[in-house]
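See structure below.
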Amino acid sequence: MRTSRRFGPLAVHALLISYTIIALFPILLIIFNSFKSRKAIFKSPLSLPDANTFDLVGFEKVLGSSSFDVYFLNSISVTVMSLAFVLVLGAMAAWALAEYDFPGSDFVALFLAIGIMIPIRLGSVSLLKIIVSLGLINTLTALVLVYTAQGLPLAIFILREFIAQIPNDLKEAARCDGVSEYRIFWSIILPLIRPALATVAVFTMIPVWNDLWFPLILAPGEDTATVTLGIQQFIGQYVTDWNAVLASLTLAIVPILVLYLIFSRQLIRGLTAGAVK
Amino acid sequence: MASQSNKGSPFKTHLFVFLLPAVLIYSAFMIVPLIDTLRLSFYSIETDGTASFTGWSNYVTIFTDERWSADFVNALKNNFLFFLIHMLVQNPIGIFLAALLSLPRLKLKNTYRTLIFMPTMLSVVIIGFIWQLILSPIWGVGDTLVGFIGISDGLPPLLGEESTTLLTLSLISVWQFVGIPMMLIYAALLNVPDDLVDAAIVDGANQWTAFWRIKLPLILPTVAMVSVLTFVANFNAFDLIYAVKGALAGPNFSSDIMGTLFYRTFFGFQLQPGNPSMGATVASLMFLVILCGVMIYLYAIQRRLRRYQL
Amino acid sequence: MADIKLTDIRKAYGKNEVLRDINIDIKDGEFVVFVGPSGCGKSTLLRMIAGLEDISGGSLQIAGETVNDLTPSQRKIAMVFQSYALYPHMTVYQNMAFGLTLGKKGPLGGLLGGGENKKIIEEKVQKAAVSLKLEQLLKRYPRELSGGQRQRVAIGRAIVRDPNVFLFDEPLSNLDAALRVNTRLEIAKLHQDLQATIIYVTHDQVEAMTLADKIVVLNDGHVAQYGTPLELYHHPANKFVAGFIGSPAMNFVSGTVVGKQEKALEITLDQNKTTVQVPVMPGKTEAGDVVTLGIRPEHMSENQNGDFTISSRVLAVERLGDASYLYLENKNHAHICVKVDGHSATRTGDQVLATAPLEALHVFDAGGQALQRSKISQKHSASA
Amino acid sequence: MADIKLTDIRKAYGKNEVLRDINIDIKDGEFVVFVGPSGCGKSTLLRMIAGLEDISGGSLQIAGETVNDLTPSQRKIAMVFQSYALYPHMTVYQNMAFGLTLGKKGPLGGLLGGGENKKIIEEKVQKAAVSLKLEQLLKRYPRELSGGQRQRVAIGRAIVRDPNVFLFDEPLSNLDAALRVNTRLEIAKLHQDLQATIIYVTHDQVEAMTLADKIVVLNDGHVAQYGTPLELYHHPANKFVAGFIGSPAMNFVSGTVVGKQEKALEITLDQNKTTVQVPVMPGKTEAGDVVTLGIRPEHMSENQNGDFTISSRVLAVERLGDASYLYLENKNHAHICVKVDGHSATRTGDQVLATAPLEALHVFDAGGQALQRSKISQKHSASA
Amino acid sequence: QAEELVIESWRNDDIDIWNKQIIPAFNKSHPDVQVRFAPTPPADYNASLNAKLAAGTAGDLITCRPFDVSLDLYNQGHLTKIDAIEGMENFSDVAKSAWQTDDGSTTFCLPMASVIHGFMYNKEAFKELGLEIPKTIPEFMKVLAAIKDEGSYAPMSMGTADQWEAATMGFQNVGPNFWNGEEGRKALIAGEEKLTDAQYIKVFEHLAEWGPYLGKGYKAQSYPDSQNLFSLGRAAIYPAGSWDIATFNSQADFEFGAFPPPVPEGQSTCYISDHTDIGLGINAASKNVKAAETFVSWMTTAEAGELMSNALPGFFALSNHKINLTDPVAKEFVGWRDTCESTIRNSYQILSRGTPSLENDLWNVSVGVINGTMTATEAAEKAQAGLSSWYKPQQ
Ligand SMILES: Nc1ncnc2c1ncn2[C@@H]1O[C@H](COP(=O)(O)OP(=O)(O)OP(=O)(O)O)[C@@H](O)[C@H]1O
Ligand SMILES: Nc1ncnc2c1ncn2[C@@H]1O[C@H](COP(=O)(O)OP(=O)(O)OP(=O)(O)O)[C@@H](O)[C@H]1O
Ligand SMILES: [Mg+2]
Ligand SMILES: [Mg+2]
């Protein structure tokens with residue numbers, strides 16, 4: 001700790017900055033190339049946009065040609081709803097698996113983990129049939145249900161591990177206080193696994209936000225299209241409209257970045273400090 | 001003391017309340033479709049689209065027909081390599097970054113964390129594009145960059161040679177997904193009580209030894225979990241390779257992994273119509289490989305690792 | 001009604017048996033204190049009563065009902081944990097109010113609030129906070145509290161509820177003397193007001209003696225003695241209890257029985273070959289048996305007359321202000337302790353004569369069992 | 001050499017100032033005890049000395065060097081945490097040996113072992129384990145230990161190292177009386193053997209009085225008094241220290257100065273209108289000023305002659321065996337406590353006359369500062 | 001309420017043309033039928049279409065890939081017969097062959113467009129370097145060598161990273177001149193020729209000669225890279241599909257032209273790949289079959305053909321109507337139909353329906369020979385081995 005006050009912090013910052021550069025360089029490349037003309041992108045991809053090369057054609061195309069506001073709204077509502085379900089239902093199941101030692105709990109745990117072992121795309125046809133038979137085709141509900149199902153296994157897998165680390169004394173204190181199991185879960189477990197919930201939220205939200213496949217087959221309609229589905233029109237068979245792709249992807253990062261920032265505030269250190277001796 | 005809460009019979013109801021919603025949604029929208037599809041591996045599909053039961057013959061084909069088995073073995077081998085690179089590069093870097101970020105009183109830690117996590121948030125389309133642009137010997141980005149470190153011959157076509165494609169793709173994937181182990185380990189490190197680190201420091205440890213001897217052993221279950229998740233994710237991987245190299249995972253299948261093999265078989269590609277029954281067979285085999293890994297984790301590793309209540 | 005009956009209770013962690021043959025009857029409204037050396041099983045026993053540890057054997061009844069298999073909440077208890085177990089994400093106020101905000105009254109089993117009326121809760125918490133000197137800290141989080149403050153919050157959390165049984169695990173160990181006395185009185189008052197049954201673990205003699213209706217002395221997983229405080233002080237059943245109750249501890253010197261009378265034993269001290277006649281019932285003891293004599297430091301005095309005398313060099317002096325402890329050489333034990341007046345001028349290295357009246361002597365047979373004392377004067381100590 | 005000098009130390013958590021104006025000089029090899037009410041800042045000060053908390057202001061010197069910015073390990077200290085802070089993934093043995101296996105000697109900064117020789121480590125740990133009665137537990141993990149056992153491991157972990165400075169934060173709070181005395185003696189021995197400087201936080205009077213060379217009384221973030229144990233007992237600098245040191249606490253009754261002499265004050269008690277002449281230096285006190293009289297319970301006696309008398313009904317009696325405490329009514333305070341012989345027959349409700357000699361009285365002015373006592377006999381208590 | 005027809009397509013490049021030209025034109029004559037063009041990214045088209053068809057949620061009109069992929073859909077009952085639709089008589093059998101059952105009895109998609117292979121070149125660069133359009137392969141190689149020697153342009157812009165580029169723009173582009181177009185293609189299907197025959201090995205040998213003249217780093221060069229290299233004026237020759245015309249029209253700021261694949265020394269007949277690429281079929285499960293048929297019928301008209309061909313220069317209508325093209329380069333491409341024999345890509349019909357598919361193998365081996373990791377013979381053997389492993393006539 002105090003070491004990191006003299007020479008330590010410099011070394012640590014140097015390491016972190018160098019990695020940050022590695023992580024960020026390609027992304028910066030994307031962002032500033034999205035402000036350049038196509039020619040300039042390929043003539044000198046490394047240079048910053050200047051008076052000659054500055055070109056908003058990508059953004060104009062994206063914002064002009066499609067109902068991006070609707071897409072954004074759809075994407076955000078689908079992502080947020082799925083997240084809410086995954087987090088709440090996932091944490092509930094993870095708590096049940098971590099805390100109660102019932103017969104078959106190992107089996108249930110394994111059963112719930114299968115979902116991370118097979119790509120759900122495999123089941124697309126049956127899934128589509130199910131959604132059709134439920135009359136949910138072309139609705140955001142269909143997407144929310146599928147994404148919830150898809151996000152649950154990983155959420156449960158991760159949260160279970162973190163729930164197991166919560167000091168027993170806390171649950172026991174609550175049980176002695178006559179608190180119901182539901183409230184122990186809601187008032188004690190959930191708040192204490194906030195960092196893990198945030199992590200799971202981020203992991204769940206990224207594939208949901210970026211997914212193209214299920215919007216494509218479950219909800220391809222104009223009113224239900226998501227941002228990713230909206231962007232796909234710029235990625236064609238032969239011609240790839242990189243200006244537009246870069247612009248739309250730059251735009252599409254913004255909401256997810258905001259969500260990320262919201263969640264990452266939950267990564268709090270020392271949540272259980274002061275709980276037990 | 002997990003067991004005592006399970007003693008009285010009145011306790012059973014909440015178990016259902018906690019488990020049922022997740023199990024229901026998950027079963028209905030995940031397990032049922034998956035099983036319905038995996039079932040196809042025991043069928044063969046006729047040209048008119050009807051399926052007829054053929055037992056294990058699809059599996060026999062995969063293992064005995066030389067063309068199938070060569071593809072399968074090649075994909076499996078590549079996949080192990082893909083996984084190994086993630087294990088050896090992605091996870092150590094992730095742990096290391098998490099360790100740095102969790103140093104007490106580090107300034108700007110949230111900024112670093114967010115920036116380092118950015119690649120993980122991007123879609124593979126953009127990742128594929130940007131790395132092809134950077135690594136392409138044509139546009140000069142890579143050449144300029146290696147020029148900085150004194151290599152003047154420029155960049156070899158890393159994404160074009162059989163010997164380097166898979167490695168390069170793995171490293172791109174590592175670059176993209178380092179955020180995941182980093183976040184998980186970071187979240188676990190947040191739980192390690194400061195008191196313990198304080199105690200180690202007072203005992204004469206520095207931050208480095210405190211990390212190795214106190215923090216790391218305490219988050220070992222999370223590290224194991226990250227490893228198994230890496231395994232599962234890598235054996236399911238598909239997107240990046242498909243986006244950069246297409247379903248044929250070239251050159252000459254040198255970047256073919258289970259995911260691309262499955263996709264190519266199941267959904268077909270270009271002229272080749274999909275073959276759902278063989279695709280389902282490949283997927284079932286993939287699932288078995290992953291299941292083995294997960295079982296090893298659940299029964300051999302997770303059981304043995306003690307969780308320390310912090 | 002909340003009498004508690006422990007019958008043949010045992011507890012093992014794997015092969016490691018930490019409690020056995022525990023038989024205790026606690027009457028409704030009684031204040032029972034568990035004492036015993038560190039690691040003897042006090043917390044474990046308490047946690048078993050609370051329902052937090054499995055009972056490996058025997059039966060536990062509360063209010064006549066066997067509760068071995070009931071959950072903690074079904075047992076209607078409140079507990080103060082040795083580790084405090086505060087909810088780290090709740091303020092002090094929320095910690096204390098948490099147990100009250102529920103109850104089956106609200107919807108979803110109290111999940112959405114419900115429970116007692118807000119006003120009532122606030123009153124209760126405020127009252128407890130004032131009596132524990134926590135008023136200023138209600139908005140703080142546990143991590144922002146000192147050790148003692150945390151402990152008080154843990155106590156507060158228990159006392160705002162009114163359960164049938166209170167379980168306290170060393171609740172005052174991190175408090176300073178003044179606060180300790182106050183809180184002790186607070187707990188005593190609580191006991192009177194609520195008429196609740198209280199089980200209290202402590203290692204503090206004063207707490208045990210002043211608070212308890214009955215004391216259970218545990219030793220190495222079994223009950224060494226169960227009785228009122230004064231019974232334990234005056235009639236320890238065995239050498240362990242004799243040595244454990246009282247501070248500083250009782251001094252032991254070994255001796256050999258040389259004569260046996262109807263209501264007394266003649267014993268020669270191995271230490272200095274003097275013979276004393278101790279008023280105890282000889283029981284099965286025979287001449288020639290080796291016995292141990294016990295004498296409390298506070299029953300000894302320096303340089304006064306007395307029937308039982310030891311002359312020795314002073315090894316060390318501890319001065320407490322109102323009293324001082326002299327530590328004398330002893331052949332068998334580390335030392336013999338004598339409690340003397342705070343102004344005693346005796347110093348380390350001095351030669352002193354320590355004396356005690358015969359009635360103050362305890363005798364233990366070779367197995368450590370106490371011999372019944374035949375004549376216990378209400379004033380068996382020569383000087384205070 | 002490890003003298004410690006604290007100059008104008010202050011500490012604030014945000015706006016909340018928890019320590020201020022701390023000036024303490026600790027000589028090399030001295031045993032200093034910090035006492036004070038719960039939450040007064042003892043642990044915080046200790047952690048600042050250890051280097052675990054930032055110092056908000058002032059300077060801290062160890063062995064003549066300003067160490068404000070040094071790491072804990074550079075300060076060469078060992079510490080016992082109030083929360084124990086045992087490493088949960090290490091056995092008792094490993095916990096105790098941890099500090100010894102570190103050190104620059106091994107490769108990778110001690111990462112792969114290194115540190116001291118294995119044999120030596122084992123010897124050291126064994127020795128500490130024996131003296132703390134932990135031999136049987138060396139292979140256990142912290143989660144398998146009782147509270148007191150954990151505390152002992154924490155002590156053991158500190159004492160196996162031989163640092164210049166030991167910091168103990170309430171190290172005995174979870175131990176039973178017998179073990180406590182033993183461990184206390186062990187620590188005293190450690191102090192003598194190693195000649196290390198020791199800073200020790202406790203809330204236990206006996207520990208503080210018996211162990212300390214010097215005691216620092218902290219109150220609400222500042223030093224109320226710093227001196228030897230007997231100085232504090234006999235000459236408390238202010239009402240706070242007077243009330244804090246000594247158990248049960250000093251009784252306070254208020255009075256009004258009616259006359260002033262060269263070396264004494266005449267004071268009328270508000271309680272019962274009697275006037276006493278107390279041998280203290282009047283200082284700036286004038287007739288008419290309100291003062292507080294202080295008298296320790298152990299300096300009072302029942303139904304004897306004395307210059308200072310209070311007649312009152314007994315509210316409660318606490319019997320400890322060798323002594324009993326009578327609690328009398330007091331106009332201003334909760335009660336007046338009188339320590340009497342264990343065999344006193346007085347019961348609740350009795351009317352008693354409590355007396356004390358004038359020399360035993362302390363006088364505090366309106367600001368709570370003690371007036372210097374003009375004549376302190378070495379025998380100012382009427383009875384022990 | 002007006003009926004709405006939904007068109008499934010992988011041509012999301014064409015979304016504007018459909019919405020702004022084709023559909024409005026259709027609605028002029030059929031105002032009561034709403035049409036919505038709903039494209040899917042090409043990489044996901046087959047998979048998503050299959051899923052939607054299986055579940056019954058696919059659109060009414062389905063853009064057909066040529067040959068087996070669509071034949072499969074028909075066999076599974078997802079596409080209707082369209083022989084009877086008015087206007088189908090405007091298409092030749094060759095045009096329809098890509099969307100017919102093997103026996104040619106039933107047609108299930110309307111042939112919409114074909115694409116022609118050839119080479120485009122930077123006219124300014126050729127002028128600058130004083131180069132002539134090559135007619136024969138030796139001339140072609142000389143031109144390449146000249147450009148390379150001069151050094152200011154990459155001789156030819158093609159990459160092997162995307163694999164299909166090597167097979168389609170390479171193998172299928174120049175190959176018909178070696179195997180005599182339709183004749184060779186049919187013989188391969190009939191099992192009368194083998195890929196290990198000399199003419200096929202010669203194609204690979206010729207491809208292997210390209211390697212040195214492709215730009216630096218061509219092994220990692222993807223198709224968009226190739227397009228960009230050419231359109232940015234950095235390469236002189238571009239092995240093309242006619243569909244690239246539109247791209248270069250909008251992106252290149254120099255004049256470019258096209259020449260047909262050069263013939264081997266001494267050969268007089270030239271062959272071009274005039275490949276049937278896009279068709280349009282009707283979803284058998286459609287609720288608006290009548291309207292769909294109306295639309296398909298309208299698509300057979302000269303009006304629709306001309307509209308399409310001009311809106312999408314490089315996609316040539318397959319109907320027999322005389323169509324006026326406005327784009328000069330497109331005109332050049334179409335002009336070759338008069339001077340050379342047309343054929344289609346030889347791996348597309350029948351030969352890619354098994355595993356491994358010949359098409360996929362050709363991608364792989366074409367890359368192999370160009371990259372120099374395979375010899376021409378090895379490549380031919382590998383492709384032949386793959387084909388004969390499942391295709392009876394070749395065994
Ligand atoms: N992180 C923090 N934020 C705010 N206040 C704090 C924090 N940590 C401690 N305090 C406050 O500082 C004061 C001093 O705490 P400290 O732990 O030093 O007390 P202490 O003297 O050790 O008490 P105890 O005897 O109860 O252990 C307390 O009032 C406590 O509430
Ligand atoms: N999980 C466990 N596994 C094995 N032994 C255990 C476990 N928990 C406690 N013990 C042992 O059981 C015995 C009783 O422990 P307990 O906590 O009841 O002691 P205690 O009387 O409360 O002591 P203290 O006064 O030190 O708190 C101890 O010797 C302890 O080491
Ligand atoms: Mg205990
Ligand atoms: Mg403290």
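As a basis for the values below, the full set of heavy atoms in this structure was taken, side chains included, without hydrogen atoms, waters or symmetry mates.
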Against chain A, label [X] side chain, backbone, both or neither, depending on which of its atoms sit under 4.5 Å from a heavy atom there.
X: B/Y186; result: side chain
X: B/L20; result: neither
X: B/L133; result: side chain
X: B/L115; result: both
X: B/I93; result: side chain
X: B/L122; result: both
X: B/L40; result: neither
X: B/F96; result: side chain
X: B/N236; result: side chain
X: B/A210; result: neither

Taking every heavy-atom pair that is under 4.5 Å apart, which of [options] has the most such pairs with chain A?
options: B/L229, B/V289, B/V23; value: B/L229
options: B/G279, B/S102, B/A233, B/A280; value: B/S102
options: B/M295, B/R113, B/K109, B/K107; value: B/R113
options: B/W131, B/F235, B/F262; value: B/F262
options: B/F266, B/F287, B/F129; value: B/F129
options: B/I130, B/I116, B/I25; value: B/I130

Say you draw a straight line from [atom1] of [X] to [atom2] of [Y]; how long is it, rounded to the nearest 0.5 Å?
X: A/L110; Y: B/L298; atom1: CG; atom2: CG; value: 6.0 Å
X: B/H14; Y: A/E99; atom1: NE2; atom2: CD; value: 8.5 Å
X: A/I114; Y: B/I31; atom1: CD1; atom2: CD1; value: 4.5 Å
X: B/N191; Y: A/L192; atom1: CG; atom2: CG; value: 8.5 Å
X: B/F29; Y: A/L127; atom1: CZ; atom2: CG; value: 7.5 Å
X: B/N110; Y: A/L261; atom1: CG; atom2: CG; value: 9.0 Å

Given the side-chain rings of [X] and [Y], with only the six-membered ring counted for Trp, is the space between their centroids under 6.0 Å?
X: B/F18; Y: A/Y182; value: yes
X: A/F157; Y: B/Y297; value: yes
X: A/W213; Y: B/F267; value: yes
X: A/H13; Y: B/Y112; value: yes

If you take all heavy atoms of [X] and [Y], which pair is closest and at what distance?
X: B/V17; Y: A/M92; value: O-CE, 3.2 Å
X: B/P119; Y: A/A23; value: CG-O, 3.5 Å
X: B/A22; Y: A/A93; value: CB-CB, 3.8 Å
X: B/T37; Y: A/S126; value: OG1-OG, 3.6 Å
X: A/G115; Y: B/M30; value: O-CE, 3.2 Å
X: A/L267; Y: B/L190; value: C-CD1, 3.6 Å

Are [X] and [Y] side-chain neighbours, meaning at least one heavy-atom pair lies under 4.5 Å?
X: B/Y26; Y: A/L89; answer: no
X: A/M117; Y: B/F231; answer: no
X: A/S264; Y: B/F117; answer: no
X: B/S123; Y: A/T228; answer: no

Check whether [X] gets within reach of chain B through its side chain, its backbone, both or neither, counting any heavy atom under 4.5 Å.
X: A/D211; result: neither
X: A/F111; result: both
X: A/I17; result: both
X: A/R194; result: neither
X: A/L197; result: neither
X: A/L145; result: both
X: A/V108; result: side chain
X: A/I206; result: side chain
X: A/V88; result: neither
X: A/I118; result: both
X: A/L16; result: both
X: A/I131; result: side chain

_Side-chain donor or acceptor of A/W209 paired with backbone N/O of B/M121 under 3.5 Å_ =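 Looks like no, no N/O pair under 3.5 Å.
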*Excluding sequence neighbours, so at least two apart, what forms side-chain hydrogen bond (donor to acceptor under 3.5 Å, both in side chains) with B/T120?*
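B/T120 satisfies side-chain hydrogen bond (donor to acceptor under 3.5 Å, both in side chains) with no other residue.
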_Stepwise side-chain contact (heavy atoms from CB on, under 4.5 Å) test for A/I158 and B/T222_ = CA-CA 9 Å; A/I158 295 177; B/T222 310; over 6 Å; no
*Using the side-chain contact (heavy atoms from CB on, under 4.5 Å) rule, take B/M118 and A/Y260 through it: C-alpha gap first, then chi angles, then the decisive distance, then the call.*
CA-CA 9 Å; B/M118 290 278 284; A/Y260 170 83; over 6 Å; no
*Any side chain to side chain donor-acceptor pair (under 3.5 Å) involving residues 105-114 of chain A? Give me the pairs, sequence neighbours left out, ordered by first then second residue.*
A/D106-B/R303
*Pick whichever of A/L122, A/N210, A/T20 has the most heavy-atom pairs under 4.5 Å with chain B.*
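Answer, by heavy-atom pair count under 4.5 Å with chain B: A/L122.
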